[in-house]
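In what follows, a single structure is set out as structure tokens and then discussed.
Side-chain atoms are counted along with the backbone in the values below, which use heavy atoms only and exclude waters and symmetry mates. Per chain, numbering begins at 1; letters A, B, ... match sequence-line order.
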Amino acid sequence: MSDPISTISTLLEPVFAELNDGEPADPTVRPSDRADAQINGALPLAKRRGVNPRELAQAVVDSGVLAGFASDVEIAGPGFINVTFSTEFLTSQLASISDDPRLGVPQAVVAKTVVVDYSAPNVAKEMHVGHLRSTVIGDALVRMHVFLGHDVLRENHIGDWGRPFGMLIEHLIDLGEDVAADGLTQGDLDGFYKAANAKFSESEEFQVRARERVVLLQNGDEETARLWHRLVDMSTAYFDAVYSKLGVLLTDDDLVGESFYQPLMGRTVERLSEAGLLEEDDGAKVVFPPGFTNRDGNPLPLIIQARTGGFNYATSDLTCVIDRVERRGADLMLYVIGAPQQQHLQMVFKVSEMAGWLTEETEAVHVPFGNVLGDDRKMLRSRSGASVKLVDLLDEAVDRAGQAVAEKNPNLSAEDRAEVARMIGIGAVKYSDLSTDRVKDYMFDWDRMLAFDGNTAPYLQYAHARICSIFRRADIDRASVRNSPIVPEAPQEHALALRLLAYPSAIDATLQSFSPHKLSTYVYELASDFTSFYEHCPVIKADERTRSSRLALADLTARVLAHGLDLLGIEAPEQM
RNA sequence: GCCUCUGUAGCUCAGUGGAUAGAGCAUCGGUUUCCUAAACCGUGUGUCGCAGGUUCGAUUCCUGCCAGGGGCGCCA
């Protein structure tokens, strides 16, 4: 790995082990604001061995392993070792990544089959801000796992089955298929759903028809199936349009809806029964996973088959686990689903373990996230109080970005401006979602996310555009500078170099916790380090040797910046 | 009642078993014969919700409490 912190950490391990009678001891190397890195491991080790920490720190320094990497090493305070990396060392590390398409990030040692479950809108229902987080976070996690060389299976678990489909199909018939199709493809899904729902609550005759239609659907009636398909197709075409606007990787090939699991659920129940887990409780078939209690302190069941004989989402989710493990060969399953589902998923995972479907070799992880809030600190709603349509949100973002671009850079052609506005607007929405810790709620604020200062997509994109601009101005092909040595002499160059080399660590930390905001923070710090460099270190006007070094440093920065943004699903324009 | 998440600067948010807890915004003050000033530089800001405990060292780990959100059987 290119990161100097991990490089010296690895080199120090044997030194620490030797000072600990051969037992491994963590050197605890961290970035530091007093130097480039601080080695903290001497303190706990000295305590454990009952020796003076400063003397132990001295012994670490005397081992000589830091000599080849550091321009300065000092023991400070009770026994911290502060290390400043030498320019020569940074130059050599940068040389190893500056012409590397992977930018120093190693492939995963073991390629896993990773299933990512995300987005999951409902057929005949509008996509709203609630779907934004799952879709955007899931997409980023997919991109990162793919980059590391894992075999990633995207799964969009759409709601395409269940009781509401009786009423939806009947409403489709009432409207006339083609009339309905017009409205639905234009994205008026909410209108359709609400009208069906209203009829259902008003008309007994309609209720009867809807219920009969559900039975027909479940029994595989041909005409009903055709109508159902039509409904699903219209919805998925609409979803595709939204995904395309949003710029996520999901396609129709990734659709694995509720309906897919219907024919398999009977077998799931049988297998639970064969495993001796199934119990009869109040007429329902249930499993009691240990560790879950209800309001009254009694064991809480996972309901597998309702009293009426119907299956529910627990059955479906269990069947889904079986499918992913046994058919798709999943090693890791990520469920990018809102925090309220936590208990349900924990119960599903527990029962899956009890049944032997989830073993130690297969990891299932709930990747929860909080809500999108309005400035009133409540769930984001439109002025009328309705949930906000995702497409409207995205269109407004592009629109607002377009106004800003027109104002700030009138020289762009209308065509370029539209394209840049799209990148900025969509990027801003995605970045504001990805850049805060996903488990928390975040506040949706147009002005903040579209600002060109602070931790925002436009700021990052602007840094990238400025680098591209340097090369345009100098009329130099970016690829041509990738073999020039980078000699980071100025403090801003030194800081930027260190940051660039830390890219693999940032990705590693991000995937360790499935937290895209860690990569976001890294990319922001990188952009920030670059702008500081940009202000203090002239590139084009520098003398020849410095100029070629700075050009190479700028190019590398642009590539890491664009690459990091791409892993987040955000585009980096060359001018804006 | 039980479970779970959250609580860090005026605001929005990072952060870590280590040394004086950091950014951005907002405030104030500077910087443009110079590669995009959509920027940069400087400036102030804290009982890290409260109380205990573990530790050489806790904002970070553990326990309890307080406040807010979410969840807790036949919808998905």
Using the P atom as the reference point in each nucleotide, state the distance between B:C56 and B:A14 in Å, no decimals.
-> 33 Å
For A:Asn294, report the nucleic acid contact type (base, sugar-phosphate, nothing); a contact means any heavy atom under 4.0 Å.
-> base
Inter-nucleotide P distance (B:C62, B:G17), Å rounded | 12 Å
Interatomic spacing from CG in A:Asn312 to OG1 in A:Thr315 - rounded to 0.5 Å = 4.0 Å
Establish, from distance only, whether the side-chain atoms of A:His344 and A:Asp317 form a donor-acceptor pair under 3.5 Å.
-> yes
Please state how far atom CG in A:Asn455 lies from atom P in B:C13, giving the value in whole angstrom units.
-> 12 Å
Do A:Ser119 and A:Ser134 have side-chain N/O donor and acceptor atoms under 3.5 Å apart?
-> no
Please work out if A:Arg295 contacts a base, only the sugar-phosphate, or nothing of the nucleic acid, heavy-atom cut-off 4.0 Å.
-> base
Indicate, with a heavy-atom threshold strictly under 4.0 Å, whether A:Phe165 touches base, sugar-phosphate, or nothing.
-> nothing
Phosphate OP1/OP2 of B:C40: any A:Tyr459 side-chain N/O under 4.0 Å | yes
What is the distance from CZ of A:Phe444 to C1' of B:U12, rounded to the nearest Å?
-> 15 Å
B:C5 P sits how many Å from A:Gln346 CD, rounded?
-> 10 Å
Watson-Crick or G-U wobble partner for B:G17, using a 3.5 Å limit on both distances?
-> none
Taking atom P of B:G57 as reference, at what distance in whole Å does atom CG of A:Asn40 sit?
-> 16 Å
Any side-chain donor-acceptor pair under 3.5 Å between A:Asp453 and A:Tyr459?
-> no
When all nucleic acid strands are considered with a 4.0 Å heavy-atom cut-off, which category describes A:Leu300: base, sugar-phosphate, or nothing?
-> sugar-phosphate
What is the base-pairing partner of B:A67, counting Watson-Crick and G-U wobble geometry with both distances under 3.5 Å?
-> B:U6
Round to a whole Å and report the spacing from CG of A:Asn52 to P of B:C56.
-> 16 Å
Check whether any side-chain nitrogen or oxygen of A:His517 sits under 4.0 Å from OP1 or OP2 of B:G15, and answer yes or no.
-> yes
Under 3.5 Å, is there a donor-acceptor pair between the side chain of A:Arg133 and the main chain of A:Gly370?
-> yes
Is the closest side-chain donor-acceptor distance between A:Tyr118 and A:His157 under 3.5 Å?
-> no
A:Arg49, CZ atom: more than 12 neighbouring heavy atoms under 6.0 Å | yes
C1' spacing across the pair B:C11 / B:A19, given as an integer number of angstrom | 30 Å
For A:Ala339, report the nucleic acid contact type (base, sugar-phosphate, nothing); a contact means any heavy atom under 4.0 Å.
-> nothing
Looking for any heavy atom pair under 4.0 Å, which part of the strands does A:Pro44 touch: base, sugar-phosphate only, or nothing?
-> base
Mind checking whether A:Phe530 and A:Phe533 have parallel, tilted or perpendicular rings, split at 30° and 60°?
-> tilted
So which of A:Trp228, A:Phe260, A:Tyr261 actually passes ring-ring contact (aromatic ring centres under 6.0 Å, His included) with A:Trp161?
-> A:Trp228
Tell me what A:Asp26 touches on the nucleic acid: a base, only sugar-phosphate, or nothing, going by heavy atoms under 4.0 Å.
-> nothing
Protein-nucleic acid N or O pairs under 3.5 Å, nucleotides 25-27 of chain B:
none

NA contact type, A:Leu43, heavy-atom cut-off 4.0 Å: base, sugar-phosphate, or nothing?
-> base
Sugar-phosphate, base or nothing in reach of A:Ala46, heavy atoms under 4.0 Å = nothing
Could you state the CG-C1' distance from A:Asn371 to B:G70, rounded to the nearest angstrom?
-> 8 Å
Test item: A:Ser435 side-chain N/O and A:His517 main-chain N/O as donor-acceptor pair under 3.5 Å | no
The correct set of residues in residues 524-539 of chain A placing a heavy atom under 4.0 Å from RNA chain B is A:Tyr524, A:Thr531, A:Ser532, A:Tyr534, A:Glu535, A:His536, A:Cys537, A:Pro538, A:Val539
Taking CD from A:Gln342 and P from B:C2, how many angstroms apart are they, rounded to a whole number?
-> 18 Å
Measure the spacing between CD1 of A:Ile570 and CD of A:Gln461 and express it to the nearest 0.5 Å.
-> 7.0 Å
For A:Arg438, answer base if it contacts any base atom (sugar-phosphate contacts may also be present), sugar-phosphate if it contacts only those atoms, and nothing otherwise; contact means non-hydrogen atoms under 4.0 Å.
-> nothing
Has the side chain of A:Asp437 got a donor or acceptor atom sitting under 3.5 Å from an opposite partner on the base of B:C13?
-> no
